[in-house]
Each structure stands twice: as C-alpha cells, then as structure tokens.
Amino acid sequence: MAMRKIYPYLILIAFIYACGEKPTQTENTVLSEISTLEKHRPQFHFTPDSMWMNDPNGMVFYKDTYHLFYQYYPDSTVWGPMHWGHAVSKDMVSWEHKPIALYPDELGYIFSGSAVLDVNNSSGLGSKENPPLVAIFTYHDPIKAEAKQIDVESQGIAFSLDNGETWEKYAKNPVLKNPGIRDFRDPKVRWFEPTQRWIMTLAAQDHIRFYSSPNLKEWILESEFGKELGAHDGVWECPDLFPITVEGENEMYWILIVNLNPGAPNGGSGTQYFIGKFNGHTFVNTDEKTRWADYGPDNYAGVTWSNTGDRILFMGWMSNWKYANIVPTEKWRSATTIARELKLQKIHGDLVLCSLPVEEFEKVTSPVFETQNLEIDAPYNVSKAAKSNISTCELNMEIEHLDGFKVILSNELSNQVMLSYDKKENRFLIDRSKSGNVSFHPEFGNEIITPRISTEKSMKLKLVIDVASMEVFADDGSTVLTVVYFPNEALDQIAIVPETTLSVSKLSMRDIE
C-alpha cells in the first residue's frame, strides 16, 4: 500500500466510519453493464463500479470462486481512508461486485494484505467442518501518521465463515505490533508444510521481514532479507513469496516479489522479483540481479492468489503512483491488469519469471481474423483486413527473420500509441505522447524503454488491448510491459509498419466476447 500524506479531514472521516453509519456500495453490480457507459472504462479488466481503487488484496480461490479484495475508498475518486472492496468471479474475467468487506475502525485504515483458507482451523476461528477464510492486513493509524510517529502500522486479521460474504475482525487485534519501523506493511501469508507453520512475508521500509506462526495469531520474527539487494530508490511494498518449478525440469525455486515506489525502470511504481531458496526461516537469492516482472509503467502492487494448487495466478494494479490520483476518468479511478499465469523458464541459461494471460481469458476470446506467411514491406492496416473493432482485442504475431518494426494504434483524430521494436538494441519502446489526454502529468508522455529478454531471431508477440490500456507479452511472456492511455476517441485502427521487410508467419486477431 503506497503512502500518501494524511490530511486531518481524512482522520475525521476514518473515525466517523468506525463509530457511525457506514457508506454503502452498489451490490452485485455486473461489471460489463457499467463498462459500456463511460469513456476510458475497460471492457474486460476489473474496475470499481465507482470511486477510488488501488492495490489488489486478499486474493483467494475457494469453492470454485475467485475472490478479489482491493484497496478502496468509496467517497472519492482520489486516495483516502482505505477499505477492502470485494468482487468475485468464476473465470477472473467477468466480475461481480460485492459489499465492502472491511472498513476502517479505531485502529486505523485497512491497508493491503492477503487471505488464506485455514484448512485445519489452526486459528480456532472456525471449525474443521467449516474452516475459516482468514484475511491478514495492515492497520494504518492516521493520527500517529499525522503526528509523525514511527509505530504507525501494525498487522490485524479478520475471518469469514460464510464463504467470504461477511467478515469479522479478530477481537485481539493487532496480532503483530510495530517494532519501530515506520513503513511496516502488506503481509502476504502462506502455509509452509515442512515446518507446519504459517509464513508471513512483510515489507519493512527498504527490506523484507519473514515471520512465522502456528495459528495466524502469534508471530515470531524468523529473518530479514534485501537491505543491500535489488532496487532501493523507493519504499518496498506488497511482497509475495511462493515456490515454483522450472518448466521442463524438476528443480524448485522460490520467487520473492517486491513492489517498489518510486524507482521502477520507467519511473514511479514497479514490480521487482528475486529467485532463490527458502527453508521456512530464511530466503537466500541465487544471484544479485535486479529483475522486473513488468517493465511498463502501469503494473504495480501485483501479488498472487492463494489456494490455487499448482497454478500461480497473478494480478496487479494497472496504474502508477506518479499520476494515479489525476488520470482523466470521472466516476472511477484505476483498473487491474488482466489475470496472468506465472511460469519459471530457463532462457539462454538464465532463469526468468514469465507471465501470460490466464487460459480462462483465452476462452472468452473468439477469432475474427487470421492470415499466414505475410511479407510486410509497407504499412499493413490490420483493422482494415480484420474488419473489426480493435479498441478491445487480442493481437498475435509470429515473426520470422526478425527486423525492426512498429505497431501503431490510432484514430481519425491522430491520437496514437506506438510500440516499436529496435533490432539493433534488442529492445521495445512505447510512445504515448500523442495518445490523447497527456496533459495531466508532465512525465506521462515520456518514452517507455524496455529491454527484450530473448535474443532469438524470431519473436512471438501478444498484445491485449482494452479501450485505454495495452499489455504486451513478448516471447511467451519473458518480456512484459503494461501501459495505460486516455485517447479523445477510441483507438480503432491498428497498423504494422516495418523498417525493411517483416516476415510474419502468422497474424491473428481475437475479439473479446
């Protein structure tokens, strides 16, 4: 949960919530019914029905349902006293809004965290017949923050015995008090079978702290990591820790995700990760590289769902703290990324965390255009060939004999977003300086530069385009970048522009149903 200055009037609001009538949210609103009504509203990415949203929280899969909780402020389109909003889905694409799950109280705002299924009822908050869902979150005390005290944040828990419909806070919160660290937040909890203990991965200003507990109530410090490793140009936030097996091999590693703000490759917010080993007590990384899960400027605070078995499913907040509060949307602010499945692959002898849209997303797309064996030596109008609306689509290219090229999204008003591949430098560039409304922040139109991880002479490229965003997945997701933009009208044209001649073995477009 990224920090912002806490103003006195927000403190008053927080305690009104704690003591008085709570605001309401439209219940059970189907996202797609809202999406078609508002400019820049995504069609198949999750957005709040109204007002402010940031980090995805507490994501858990239970009884064939994906639960998404998220940082939510129901009274404004800018950041304020944090709640946990709630939505559910069967496929991570179509979402149903639920009532607010957690409200601020006398201990503070409800910052980011996670949720787990306590299968064995180790917490004693449910029963073996009806195990509880347990949310672990950060309390942020606005009064202490305004007084510039150190012990601003602590960790609390809440539980649900009705499949996540309603939540009760633990009577003895906080379960982990502040040890004297100002930025002490965003607990990500998982069960570690070898030691029969819960492991909490917690951001502590500029490093990570690992805690363990037998029951989710009593926590002891196990170790610390990262004070001199990785990127440190901002505060560490929203960590995650999970095991993963290398594709095609039997060796298992642990991935430690650490979100950072500011200090990302293209400025502002970003998601770095470490590859290493974890024994239930300490995490040891296998190298000292600074790695990024997404090189674009608009994927932050991403974490994984719990209780999904062997699948590792990830979702981030599709924005950047540099301009999140001032982007030109009127009734709501922010969206999440598309849900992605993570895999660990060996590329040129190096381990790389790769991500692609979940298979459930692919199942709700339908082919509208496909062609093969193209030799493109002049601008190629894909939208004309496909005869389809491209402002919401998936575009796939398989390129042989790779050379430099551009993919340009545009409209008749000359708004455009341009993705370029620079063969000489083996990198991608995105130019959104002419994308429409860019005046809200002086750096929004800056060039976005991303190194390509693969060095192969061919390339697979997938673009997921949704009204005001583009997610780029190159080479089976080894290079990923996410950008948002705000055109004056829909970008309904797409063209491929080669530097010389581009050999495309397959080009296809899929529509989102």
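Numbering starts at 1 and runs along the sequence shown. Only this structure's heavy atoms are used, side chains among them; waters, hydrogens and symmetry mates stay out.
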Please list all pairs meeting salt bridge (Lys or Arg N to Asp or Glu O under 4.0 Å) that have one or both residues in residues 206-215, counting only residues at least two apart or in different chains.
R209-E224
Salt bridge (Lys or Arg N to Asp or Glu O under 4.0 Å): which pairs involve residues 257-284, sequence neighbours left out?
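Found E251-K277.
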Under a 4.0 Å N-O cut-off, is there an ion pair linking [X] with [Y]?
X: R185; Y: D183; value: yes
X: K177; Y: D151; value: no
X: E360; Y: R311; value: yes
X: R452; Y: D475; value: yes

Over 60° means perpendicular and under 30° means parallel, so classify the ring planes of [Y] and [X], tilted if in between.
X: F278; Y: F210; value: tilted
X: Y323; Y: F444; value: perpendicular
X: W84; Y: F137; value: perpendicular
X: W236; Y: H232; value: parallel
X: F69; Y: H67; value: parallel

Whether the side chain of H207 engages the backbone of A204 through a donor-acceptor N/O pair (distance < 3.5 Å, no angle test) should be reported.
yes
F61 backbone acceptor or donor facing N307 side chain under 3.5 Å:
yes
Determine, for W332 and R41, whether the Lys NZ or Arg CZ falls below 6.0 Å from the six-membered ring centre while staying within 45 degrees of the axis.
yes
No-hydrogen, no-angle side-chain donor-acceptor test under 3.5 Å, S212 and E222:
yes
Worked verdict on K462 versus D476 for salt bridge (Lys or Arg N to Asp or Glu O under 4.0 Å)
CA-CA 8 Å; K462 180 189 296 288; D476 294 319; over 6 Å; no
